[in-house]
Number of protein chains: 2
Amino acid sequence: MNNCDQCVVRNKSICAALDPDELVAINRLSRKVSIKAGQALIWEGDDSLIVANVVEGAFKLTSSLEDGREQIIGLLYPSDFVGRPFGDKNEYSVTALADSKVCVFSRSDFDQFVREHPDLEHKLLRRTLIELDRVRRSMLLLGRKTAAERVASFLLEMSERLADASCSVVGGNLKLFALPFGRQQVADILGLTIETVSRQMTQLKKNDIIALPDHRNVQILDADRLRNIADAGALSVH
Amino acid sequence: MNNCDQCVVRNKSICAALDPDELVAINRLSRKVSIKAGQALIWEGDDSLIVANVVEGAFKLTSSLEDGREQIIGLLYPSDFVGRPFGDKNEYSVTALADSKVCVFSRSDFDQFVREHPDLEHKLLRRTLIELDRVRRSMLLLGRKTAAERVASFLLEMSERLADASCSVVGGNLKLFALPFGRQQVADILGLTIETVSRQMTQLKKNDIIALPDHRNVQILDADRLRNIADAGALSVH
DNA sequence: CGGCCCGTTGAGAGGATTCAAGAGTCGTGG
DNA sequence: CCACGACTCTTGAATCCTCTCAACGGGCCG
C-alpha cells in the first residue's frame with residue numbers, strides 16, 4: 001500500500017488519468033519497492049506476474065542470447081510504465097541502472113483495474129504507441145546504419161531527451177549533457193562493441209563536432225554536422 | 001461506406017470487439033479501398049490522416065534513409081491494423097506487397113470512435129502490445145545476431161507464421177512453405193544485403209538443413225539444427 | 001602508492017558488403 | 001512448344017568495416 005497523493009510521478013505516469021476516488025482504489029493494489037542498481041525487476045522468459053510504474057531511478061530493458069550477447073531494447077525513467085499487461089510472458093529483462101523505486105502491481109489486479117477504467121487504458125495505449133514508434137525508429141538504426149551514424153543518432157537523441165537545465169552555456173547552441181550510463185551500455189543500445197563506440201566518439205571529438213569533458217559528459221559543438229552524420233554518415237572533413 | 005457483416009476479417013480484426021449496433025456506426029466511417037502491389041498507402045513523414053484494417057493482401061512497413069537504404073520494420077496481413085492513431089505523424093511508410101484491400105477510416109473519426117468504445121480500444125491495446133513484443137525481438141536480431149543466425153531465425157519465424165495447410169507431407173516434421181516475397185525484401189527485413197541472404201540460404205541447403213524447391217518455397221529438413229543456428233550460430237557441419 | 005575499473009588505442013582477423021559476372025526462372029510472343 | 005528477354009537469384013573476388021584480442025592510460029578508492 002502506498003500514498004499516491006504524494007507520489008512524485010502522480011501527474012506524469014499513467015495514473016494521471018485517474019480521479020481521487022480511483023486513485024484510492026489503485027492505491028490499494030500497489031506497493032512501493034526499492035531496487036538497487038544492477039538488480040533485476042523482471043527476467044526474460046519469466047511469467048508476467050507484475051507490472052509497475054517507475055518512480056525514481058532508471059532501468060534498462062534487455063534481450064539476450066545464450067552466449068552473453070545483449071541488446072538493450074529500451075530505457076525507462078521516472079513515470080514510465082514497466083511490464084507486460086495482458087500477456088503471460090515477459091519477453092525481456094528489466095534491470096535497474098541506478099538505485100530505483102517502483103510502484104508495483106500484480107498483473108492480474110492491474111489488468112482488471114485497467115479494463116474497468118478506460119481513461120487509464122487510453123493512457124496506456126498512447127504510451128505503448130509512442131514506444132512502438134521509438135522502437136521502430138531504432139530498427140532502422142540497428143539494421144541499416146553504420147557505426148558513425150549510430151553514435152551520432154544516439155548522441156542527438158540523448159541530447160534531446162536530456163534537454164533540460166544545464167544547456168545553452170555561452171552564446172547559444174552548445175548542448176551539454178551527462179550520459180546516464182557507460183560505454184558498454186551505449187554499445188548494447190547501438191548494437192556495437194564498446195571499442196567501436198569509443199573510436200567513433202574519439203573521431204567526433206577530433207573533428208570538433210563534440211567535446212568530451214569527461215567520460216560521462218558530452219557537449220555537442222556542431223549539431224548540424226552531427227545531424228548530417230546521423231542521417232547519411234557523410235562526414236565531410238575539410 | 002461498407003458492409004461489415006460480410007467482411008472476411010470481421011471476426012479477426014479489432015472490429016470483433018463490436019456488437020451489431022456499433023458495427024453499423026463504424027460502418028458509416030469506413031470505406032473500402034483497393035491498393036495495387038507496389039503502391040503506398042501511407043508515406044513516412046506524412047501527417048497521420050488515416051488508419052485502416054487490412055482486409056486482403058499484404059503490406060510492408062518501412063523506414064528509410066535518404067540514400068535509399070531501407071529497413072522493413074513490419075509486415076501486415078489480413079485483419080491487421082494499420083496506421084498511427086492518437087498521433088499526428090506517420091513515422092514509416094506502408095506499401096502493398098500484393099494487390100490488396102483495406103478498410104480505411106479518417107484518423108480523427110477513428111480516434112473519437114475508439115475513445116467511445118473501450119472494448120475496441122482494448123483490442124487495439126492488445127495488438128499494439130503484441131506488436132511491440134515482436135519488434136523488440138527483432139531488435140535483438142538486428143543488433144546482435146550474425147547473418148547465419150538472422151536467416152535461420154527468419155525462416156523459423158516464417159514457418160511458424162505460415163504454419164497452416166500444406167505441412168507435414170511425409171513422415172512428420174518436413175515443413176514446407178512459400179515466402180510471400182523475394183530475396184531483396186528478406187534482406188530488408190534482416191538488415192542484410194541480398195547477396196548475403198542468398199549465400200546463407202545456399203549454405204543451409206548445402207548442409208541439408210533446408211531444401212529450396214524454387215526461389216519462393218522453403219522446406220525445413222532439420223528444424224533442430226536450424227533452431228541451433230538461430231540462437232547461437234553454431235553450425236556443426238557433419 | 002598500487003590495484004581495479006573503465007575507457008582508449010592499436011594491430012590483425014573475420015564477416016558482410018560491394019561490384020561484377022553468370023545462372024536460373026518466368027512471362028511473352030513468335 | 002520453344003525462343004527470347006527481363007528479372008531475380010546465385011556465385012566469385014576484392015574491399016571495407018567492425019570485431020577481437022591485447023596492451024596501455026587514467027581516474028578513483030582503499
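Just so it is clear, the values below take in all heavy atoms, side chains as well, and ignore hydrogens, waters and symmetry mates. Source: prediction; values computed, not measured. First the proteins, then the strands, lettered A, B, ... as listed; each starts at 1.
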Side chain to side chain, [X] and [Y], heavy atoms closer than 4.5 Å:
{"X": "B:Arg227", "Y": "B:Asp224", "result": "yes"}
{"X": "B:Lys32", "Y": "B:Val104", "result": "no"}
{"X": "B:Val54", "Y": "B:Phe59", "result": "yes"}
{"X": "A:Met201", "Y": "A:Val186", "result": "no"}
{"X": "B:Lys145", "Y": "B:Asp231", "result": "yes"}

Whole-Å gap separating [atom2] ([N]) and [atom1] ([X]):
{"X": "B:Glu70", "N": "C:dT17", "atom1": "CD", "atom2": "P", "answer": "15 Å"}
{"X": "B:Leu212", "N": "C:dG24", "atom1": "CG", "atom2": "C1'", "answer": "13 Å"}
{"X": "B:Glu149", "N": "C:dG15", "atom1": "CD", "atom2": "P", "answer": "11 Å"}
{"X": "A:Lys205", "N": "C:dT8", "atom1": "NZ", "atom2": "C1'", "answer": "9 Å"}
{"X": "B:Asp214", "N": "C:dT25", "atom1": "CG", "atom2": "P", "answer": "8 Å"}
{"X": "B:Asp188", "N": "C:dA16", "atom1": "CG", "atom2": "C1'", "answer": "15 Å"}
{"X": "B:Lys206", "N": "D:dT10", "atom1": "NZ", "atom2": "P", "answer": "12 Å"}
{"X": "B:Phe181", "N": "D:dT8", "atom1": "CZ", "atom2": "P", "answer": "16 Å"}

> Taking for each residue the nucleotide of DNA chain C bearing the nearest heavy atom, is the 5' side occupied by B:Pro213 or by A:Gly182?
Replying inline: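 Counting from the 5' end, the first nearest nucleotide belongs to A:Gly182.
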> Stepwise, does the side chain to side chain contact (heavy atoms under 4.5 Å, CB included) test hold for B:Asp222 with B:Asp208?
Replying inline: CA-CA 7 Å; B:Asp222 189 337; B:Asp208 297 317; over 6 Å; no
> With sugar-phosphate meaning primed atoms plus P, OP1 and OP2, does B:Ser198 contact a base, only sugar-phosphate, or nothing at under 4.0 Å between heavy atoms?
Replying inline: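 The answer is base, as B:Ser198 lies within the cut-off (heavy atoms under 4.0 Å) of a base atom.
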> Reading nucleotides 17-29 of chain D from the 5' end, what letters show protein touch, with B for base, S for backbone sugar-phosphate only, - for no heavy atom under 4.0 Å?
Replying inline: -SSBB--------
